[in-house]
Amino acid sequence: MNFLDIEKKWRKKWAEDKAYSFDKSKIDKKKYVLEMFSYPSGAKLHVGHWYNFGPSDSYARFKSMQGYEVFEPMGFDAFGLPAENYAIKTGIHPEDSTVKNIATMERQLQEMGGMFDWDYEVKTCMPDYYKWTQWIFLQLYKAGLAYRKEAPVNWCTSCNTVLANEQVKDDGTCDRCGSPVIRKNLTQWFFKITAYADELLSGLDNLDWPEKTKAMQRNWIGKSVGGEIEFTCESGDKFRVFTTRADTAFGISYVILAPEHPLVDKITTPECRQAVEEYKTACAKVSEIDRMSSSREKTGAFTGAYCINPVNGERVPIWIGDYVIYSYGTGAVMGVASHDERDYDFAKKFNLQIKRVIKSKDGSPDELPYHDYGIMVNSGQFDGMTSEEGRVAVIKWLESKGAGELKTNYRLRDWLISRQRYWGCPIPIIHCPHCGEVAVPESDLPVKLPYNVDFAPDGASPLLKSEEFMNCTCPKCGQPARRDPDTLDTFVCSSWYYLRYPDAHNDKAAFDPDIINAMLPVDKYIGGAEHACMHLLYARFFTKALRDLGYLKFDEPFTSLVHQGTILGPDGYKMSKSRGNVVSPDEYISKYGSDAFRLYLMFGFSYKDGGPWNSSGIESIVKFLERIERLVVKATEISAPKDKERGKAEKELLYTCNYTIKRVTEDMENFSFNTAVARLMEFVNALYKYDSEVANKNLYIFKDCIEKLVLLLAPFIPHVAEEFNSMLKGAYPIYRRAFPVCDESALVKDEYELAVQVNSRIKCKIVVPSDSDNKTIESIALSNEAIIAATQGLKVVKVVVIPKRLVNIVAK
RNA sequence: GCCGCUGUGGCGAAACAGGCAGACGCAAGGGACUUAAAAUCCCUCGGGGGAGACUCCGUACCGGUUCAAAUCCGGUCAGCGGCACCA
């Protein structure tokens, strides 16, 4: 059988028949199976795409055969930096390269034989899509969830451009030119994801997601419960610090502000000004990555100013230091050298006071710095209180004096969404000299991305150089105005694509809420784990925000999530061009066919783990397919009347058949594809055994089992199974046929074998009738010759009988 | 440093929920068919000992709980992923 020809034949027929069209009239039986859409940068599908899409598609087909109306769309996350960088390097326009890459990938995806419904294809770089990305931006903007503020960005001093964090190398230099990267304040757009921090955290509890991913999101959101303490400077200025350890407040030896804190300039004394200014300049040169490194030596400068510790009235010096992060908490911290390692290091370096206020609860060693919870000492009326009580009590006491309040902080920051880049979705905002920031009226959307733009980096947004784009009229006052020159982070585009798919061609709205509320949430979402704290978090935020704006009636976009593992290069490293260990699926597909390749991916790896590529087993998959083919050919030659005569061999065959059905069904549900395939191989082996060993075959049962086998195989090898199905004159298309259902009665055996142990060592196997009770099993075991021999001279102390498993005889 | 995950034959991996470790397959070795090869089919295949029936050891390492541990508990080591001066 020529698998390549067969695959081509069926793909042609499926396309002609529109076999995989989603039937909207069956929406009540819908199953929305979604694979993370891909980024068309590499020009071709790689093994990773296959590993994501192939087995997922088999799952979708399995659900379809179970009677669900499966919606499995496909599309492209088409804006983004790689296409732009490629353009900068080669001069090929990002739109041209992207359109070309998409065409290639579409063809390859079709060769995969996925049941994707291409009528719902989405490409984020097309105006009919990004029009609605802009529309959603405006809804968030009007709701106060999108705003502009000054924020530090990574700035390459040589390229004169803003860099994303991932473009800054570990040593703080530019990924492209190697020049130093500094932090610079620029006005940027943000989404207020922090408004949803608490719900994003609590919502995780009810999601069927990998625990690991949920843990990462929890970590990322970083809830910490504590309080704020207000300090008054001698100048009269007030500021607050955030702390989770108010129980240590009596041990404050200094307070420390972030260098960017607005109070710094105001309170710094003339004597200290020069040192403070020098320190601030030095800080700006340090990259964010360096600054965040905990191994760095503490640095700082004294402002010359003092404030009063509200818990004990002590006079406390005010320092600045870059280990305090301006964007977290209040941008100011109390320095308790005795009970915090960082403060301890700082105090040691600058010779500041170190005063113990916590001792251990049980007298265990509590050398300073001692950061564990303990008992409060040197803390006035709080002496003797535990840290757990004190950290709340001290804040509450301060609250009553107007100098503090309980407060919860999150590590999560607002999402910076503006990019000074060309190949992205334009931000639909107009800046008017008279009216200020004005939203583009919805009737004027989309704000189209112009084609003819010089996108070579020179420090400003490329769109600034397009006068045709920039100049516009203010929708409010009609005066000349300028457009926002930035584009949106591509993660904005991908935060709502799963909402667009079911209503992909709606030109009146981003989506029809009625359709979306019926189609979502996504029932099974499959994609890489690397998106845990980005795409998967952003998409959840969008869903919640759009729900609150009244467009959606569900809280979470993805009910159930599976991460496929990563297929590494044969050398065990992540595949990369620079390492030269990239494996292309194409050569295997053109040699063995896409079904064989898909089946190999499903059998050779544990789906959620992945692992190094190794092609040594792929030929055996082809042999497996040929083995099945021989059975099918045999079956086509059989025309036996229904025959209920069942001997031992038939019972055994039917047992294997139904056991296979049961296990494959369970394994598919769990994405445990490798064991599902193993069970199918066992079934095939059993059919061969029956065929060769049984002289007087029940041909009806034999043929029936082969027909079931083909149905079981349909999700795994869609083309080849369709061919087998047609050879057997089964109804077309096979994926609309019912997946076999296990006949539990066939799994009931008259008798079964179980192992007998003496002192936990297996001595023999016995066969007992299936309905035996424990007593019967025990007596059969004890009367077995091998057991009598093994217990000779010993006294049986205890007999443990586990039906269907084993018997353990404890003898001394 | 913190959080999470993983560690099983020569290899990819199985083992539901404490109950026969290594299913299924690759590689390897042997055999049948063949003039020969390919294809196909059959057998062996964790390690040690034994002629053999058998027997001892074995799931990273050390200890514990249990009639019974790859699985549970405590500790150690190694690898992977994430976060990392978050107060």
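What you are looking at is a predicted structure, and each value in this text was computed from that prediction instead of being measured. So you know, we letter chains A, B, ... as the sequences are listed, proteins then strands, and number each from 1.
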Distance, [atom1] atom - from [M] to [N], rounded to whole angstrom:
{"N": "A14(B)", "M": "G7(B)", "atom1": "P", "answer": "10 Å"}
{"N": "A23(B)", "M": "C72(B)", "atom1": "P", "answer": "23 Å"}
{"N": "C61(B)", "M": "U71(B)", "atom1": "P", "answer": "11 Å"}
{"N": "A13(B)", "M": "G19(B)", "atom1": "C1'", "answer": "22 Å"}
{"N": "G63(B)", "M": "G81(B)", "atom1": "P", "answer": "32 Å"}
{"N": "C62(B)", "M": "A51(B)", "atom1": "P", "answer": "31 Å"}

Would you please confirm or rule out a distance under 4.0 Å between OP1 or OP2 of [N] and any side-chain N or O of [X]?
{"X": "T675(A)", "N": "A15(B)", "result": "no"}
{"X": "R761(A)", "N": "G19(B)", "result": "no"}
{"X": "Y328(A)", "N": "A87(B)", "result": "yes"}

Task: Between N219(A) and R411(A): side-chain donor-acceptor atoms closer than 3.5 Å - done: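 No - no donor-acceptor pair under 3.5 Å links their side chains.
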Touch check for [X], heavy atoms < 4.0 angstrom, all strands: base, sugar-phosphate only, or nothing?
{"X": "F603(A)", "value": "base"}
{"X": "G227(A)", "value": "nothing"}
{"X": "N674(A)", "value": "sugar-phosphate"}
{"X": "K662(A)", "value": "nothing"}
{"X": "D345(A)", "value": "nothing"}

Task: Pair assignment for RNA chain B - dot-bracket with | for other-strand partners, Watson-Crick or G-U under 3.5 Å - done: (((((((..(((......[....))).(((((.......))))).((((....))))..(((((..]....))))))))))))....
Whether [X] and [Y] hold their rings parallel, tilted or perpendicular, with breakpoints at 30° and 60°:
{"X": "W319(A)", "Y": "F350(A)", "value": "tilted"}
{"X": "W415(A)", "Y": "Y538(A)", "value": "parallel"}
{"X": "H339(A)", "Y": "Y370(A)", "value": "perpendicular"}

Between the protein and nucleotides 38-45 of chain B, are there any N/O to N/O pairs under 3.5 Å, and if so, what are the atom names and distances?
unit_1: C41(B); atom_1: OP1; unit_2: R627(A); atom_2: NH1; d: 2.2

TODO: Could you pick out which residue, E211(A) or N409(A), lies toward the 5' side of RNA chain B when each is mapped onto its nearest nucleotide?
DONE: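 Closest to the 5' end, via its nearest nucleotide, is E211(A).
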Open item on the list: I'd like to know if E778(A) pairs up with K775(A) as an ion pair, taking the criterion as any Lys NZ or Arg NE/NH1/NH2 lying under 4.0 Å from an Asp or Glu carboxylate oxygen.
Closed with: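 K775(A) and E778(A): not salt-bridged.
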Open item on the list: So that I can tick it off, tell me whether D247(A) and R245(A) are bridged by a salt bridge, with the cut-off set at under 4.0 angstrom between side-chain N and carboxylate O.
Closed with: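 Salt bridge between R245(A) and D247(A), a charged N being under 4.0 Å from a carboxylate O: yes.
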Task: With sequence neighbours excluded, residues passing salt bridge (Lys or Arg N to Asp or Glu O under 4.0 Å) with R218(A) - done: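 So R218(A) forms a salt bridge (Lys or Arg N to Asp or Glu O under 4.0 Å) with D205(A).
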TODO: Using a 90° cut-off around 0 for syn, call G9(B) syn or anti.
DONE: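 Syn for G9(B); the angle stays within 90° of 0.
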Open item on the list: Name the residue from D343(A), D322(A), V324(A) that meets the side-chain contact (heavy atoms from CB on, under 4.5 Å) definition with I256(A).
Closed with: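 Between I256(A) and the candidates, side-chain contact (heavy atoms from CB on, under 4.5 Å) is satisfied uniquely by V324(A).
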- [ ] Report yes if a donor N or O on one partner sits less than 3.5 Å from an acceptor N or O on the other, where the partners are the side chain of N219(A) and the base of C83(B); otherwise report no.
- [x]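 No pair found.
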Task: Distance flag, aromatic centroids of F603(A) and F673(A), threshold under 6.0 Å - done: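 No: the rings miss the under 6.0 Å criterion.
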